[in-house]
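See structure below.
Here is how names work: the chains are called A, B, and so on, in the same order as the sequence lines, proteins then strands, and each is numbered from 1.
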2 protein chains.
Amino acid sequence: MRERDEAGGGLGRGLLPRLLGYHLRRAQVAVFKHFAASVGAEENITPGLFGMLVMIAENPGLSQSRLAEAMEVDRSTIVTAIDQLEARDLAVRGRSPTDRRSYCLALTDNGRRALRRMREAVLRHEEEFAAHLSPSEREELIRLVVKLYAGRDRP
Amino acid sequence: MRERDEAGGGLGRGLLPRLLGYHLRRAQVAVFKHFAASVGAEENITPGLFGMLVMIAENPGLSQSRLAEAMEVDRSTIVTAIDQLEARDLAVRGRSPTDRRSYCLALTDNGRRALRRMREAVLRHEEEFAAHLSPSEREELIRLVVKLYAGRDRP
DNA sequence: TATTGTTATACTCTATAACTATA
DNA sequence: TATAGTTATAGAGTATAACAATA
């Protein structure tokens, strides 16, 4: 971060600064870059894969289709993601006892240990990235963003 | 929008809801989808190309390299974008009188007319998408997002 | 009939590196 | 030497459509 607004570069931006999408996009790019440089560099993980690990850890026996819904992506997109997590011994496709079409996703022991480390790295990243905001500003920002995209008051 | 949080789907999300990046990502995806369904459907334009049109309109004689810096992308990424705008008769690569290496980007007459229409569509899209937020909440949200990614107080 | 996971495929966005023509 | 624009290429990330196995 350089100036008041490094992407402005002294140039006029017209109505762009009045658009939520413009700022949300820039903030999202910035936070993903920070994630890549901190968490990603330490633990070799992306925000998307980290999110999947958390969802699997929090929802034992989750199927790929349910995970796809939760991540708001197509089922086919999940396949290669789980392939990667399995190849790295972070998660496994367990067979469902009741439905032979679907898998019960689970973390491996190694995956659980890795996730514990990742969580700490992610929280450090969050502290660093949000350092300019007070705790109440952070809360308020999350409240407003959630209200914006979910159309409701609270996460 | 369905529930308090449609991507939750009743599933546990662990620490994800405490992460700014998680919400910024979801909000950004949602606003781009809304843009595509409203402005994109009406005017056949993406947020990125719209942003470029605005920057060219606001900064007459802008070069591709300066535009790339403003958009925070590589110079090579700009090439095909300008190709598209030229192919659609929205912008032109004018020759610089002082530097024969660089172009002076400008809107065509058609581009200016199109941009006027697009601006209105974008503002309608903004009103719809941010309908759940009061004017002061919108202002506060922008203030906080900018403070987050620019590390300062004001856009 | 509908669902789960999979494959093949394609499209978009983006970056890197090497090139040319200028400066 | 350095910069502006270009090209070729590659890598994410994503979606669609069709398929086999199963419900």
**Asked** Ignoring hydrogens and geometry, is there a side-chain-to-backbone donor-acceptor pair from B/Arg25 to A/Gln28 under 3.5 Å?
**Response** no

**Prompt:** Distance-only, no hydrogens or angles: does the A/Thr80 side chain make a donor-acceptor pair with backbone N or O of A/Asp83 under 3.5 Å?
**Reply:**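 No; judged by distance alone, with no hydrogens or angles, the pair does not exist.
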
How close or far is atom [atom2] of [N] from atom [atom1] of [X], stated in whole angstroms?
X	N	atom1	atom2	answer
A/Gln28	D/dA12	CD	C1'	14 Å
A/Arg75	C/dT3	CZ	P	9 Å
A/Gln84	D/dG13	CD	C1'	11 Å
B/Asp74	D/dA12	CG	C1'	16 Å

Under 4.0 Å between any heavy atoms, over every strand shown, what does [X] touch: base, sugar-phosphate, or nothing? Just pick one.
X	value
A/Asp99	sugar-phosphate
A/Arg25	sugar-phosphate
A/Ser63	sugar-phosphate
B/Val73	sugar-phosphate

**Residues which pass side chain to side chain donor-acceptor pair (under 3.5 Å) with A/Thr98, listed by chain and number, not counting sequence neighbours** = A/Ser96

**Asked** In terms of hydrophobic clusters joined by side-chain contacts under 4.5 Å, are A/Leu133 and A/Val146 together?
**Response** yes

Please tell me if [X] has a side-chain N or O lying less than 4.0 Å from either OP1 or OP2 of [N].
X	N	answer
A/Thr77	D/dA15	yes
B/Arg93	D/dT6	yes
A/Arg101	C/dT6	no
B/Gln64	D/dT3	no
A/Ser65	C/dG5	yes
A/Arg100	D/dT22	yes

**Prompt:** Between the base of C/dT14 and the side chain of B/Ser76, is there any donor-acceptor pair under 3.5 Å?
**Reply:**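 Per atom types, no contact qualifies.
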
**Message:** Rounded to the nearest 0.5 Å, what separates atom CG in A/Leu105 from atom CD1 in A/Ile78?
**Reply:** 8.5 Å

